[in-house]
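Below is one structure, written out as structure tokens; the observations come after it.
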Amino acid sequence: QQQQQQEEQGTTSTKESGEFSLALQKVITPLVQKCDKSIKDVLDSQDVLNKQMNDLTKELNDFLQRNQAPNIQVHIDKLTNIRTRVSTMNTQLKTIQNRIARMRAIAQKNGMMLA
């Protein structure tokens, strides 16, 4: 009889654990999707910004080579610095996106389905 009670408790515990997992999945899935979309949007924006800054830097360098203009090297240096910072941020965002992908893989491996 004691063994039967233990088996029933194990079945109940497994059922409760499964229900908890499903409830947790329903709460977490939209949050992960929203976070993933936001990161993707930021990455896309960073790529566009990085391209525009590269184009601007190239145009400024071409302009400097063609003309003896006032010293705008300070501004070019600032743009180069900003481009480097944007590139660093882009790398960090890609790292975050990879971590989310790994978390999603672990969750799927454990039976949780995250979109």
Show which side-chain atoms of residues 37-44 pair as donor or acceptor with protein atoms under 3.5 Å away, not counting sequence neighbours.
{"from": "Lys37", "atom 1": "NZ", "to": "Asp41", "atom 2": "OD2", "distance (Å)": "2.8"}
{"from": "Ser38", "atom 1": "OG", "to": "Lys34", "atom 2": "O", "distance (Å)": "3.0"}
{"from": "Lys40", "atom 1": "NZ", "to": "Asp44", "atom 2": "OD2", "distance (Å)": "3.0"}

When rounded to the nearest 0.5 angstrom, what is the spacing between [atom1] in [X] and [atom2] in [Y]?
X: Gln108; Y: Gln25; atom1: CD; atom2: CD; value: 9.5 Å
X: Asp36; Y: Met103; atom1: CG; atom2: CE; value: 10.5 Å
X: Arg104; Y: Ile28; atom1: CZ; atom2: CD1; value: 12.0 Å
X: Leu60; Y: Gln73; atom1: CG; atom2: CD; value: 9.5 Å
X: Asn81; Y: Ile76; atom1: CG; atom2: CD1; value: 13.5 Å

Residue pairs involving residues 87-103 (criterion side chain to side chain donor-acceptor pair (under 3.5 Å); sequence neighbours excluded):
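Side chain to side chain donor-acceptor pair (under 3.5 Å) check on residues 87-103 returns Asp47-Asn90.
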
How would you list, by chain and number, every residue that makes a side-chain hydrogen bond (donor to acceptor under 3.5 Å, both in side chains) with [X], sequence neighbours excluded?
X: Asp62; result: Lys58
X: Asn61; result: none
X: Lys51; result: Asp55

Of the options Thr57, Asn50, Leu56, which is the one that meets Asn54 in a side-chain contact (heavy atoms from CB on, under 4.5 Å)?
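For Asn54, the side-chain contact (heavy atoms from CB on, under 4.5 Å) test succeeds with only one of Thr57, Asn50, Leu56, which is Asn50.
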
Residues in salt bridge (Lys or Arg N to Asp or Glu O under 4.0 Å) with Asp77, at least two apart?
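With sequence neighbours excluded, Asp77 shows a salt bridge (Lys or Arg N to Asp or Glu O under 4.0 Å) to no residue whatsoever.
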
Show which residues join Val86 in its hydrophobic cluster (side-chain heavy-atom contacts under 4.5 Å, direct or indirect), or state none.
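Hydrophobic cluster check, Val86: joined to Leu49, Met53, Ile82.
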
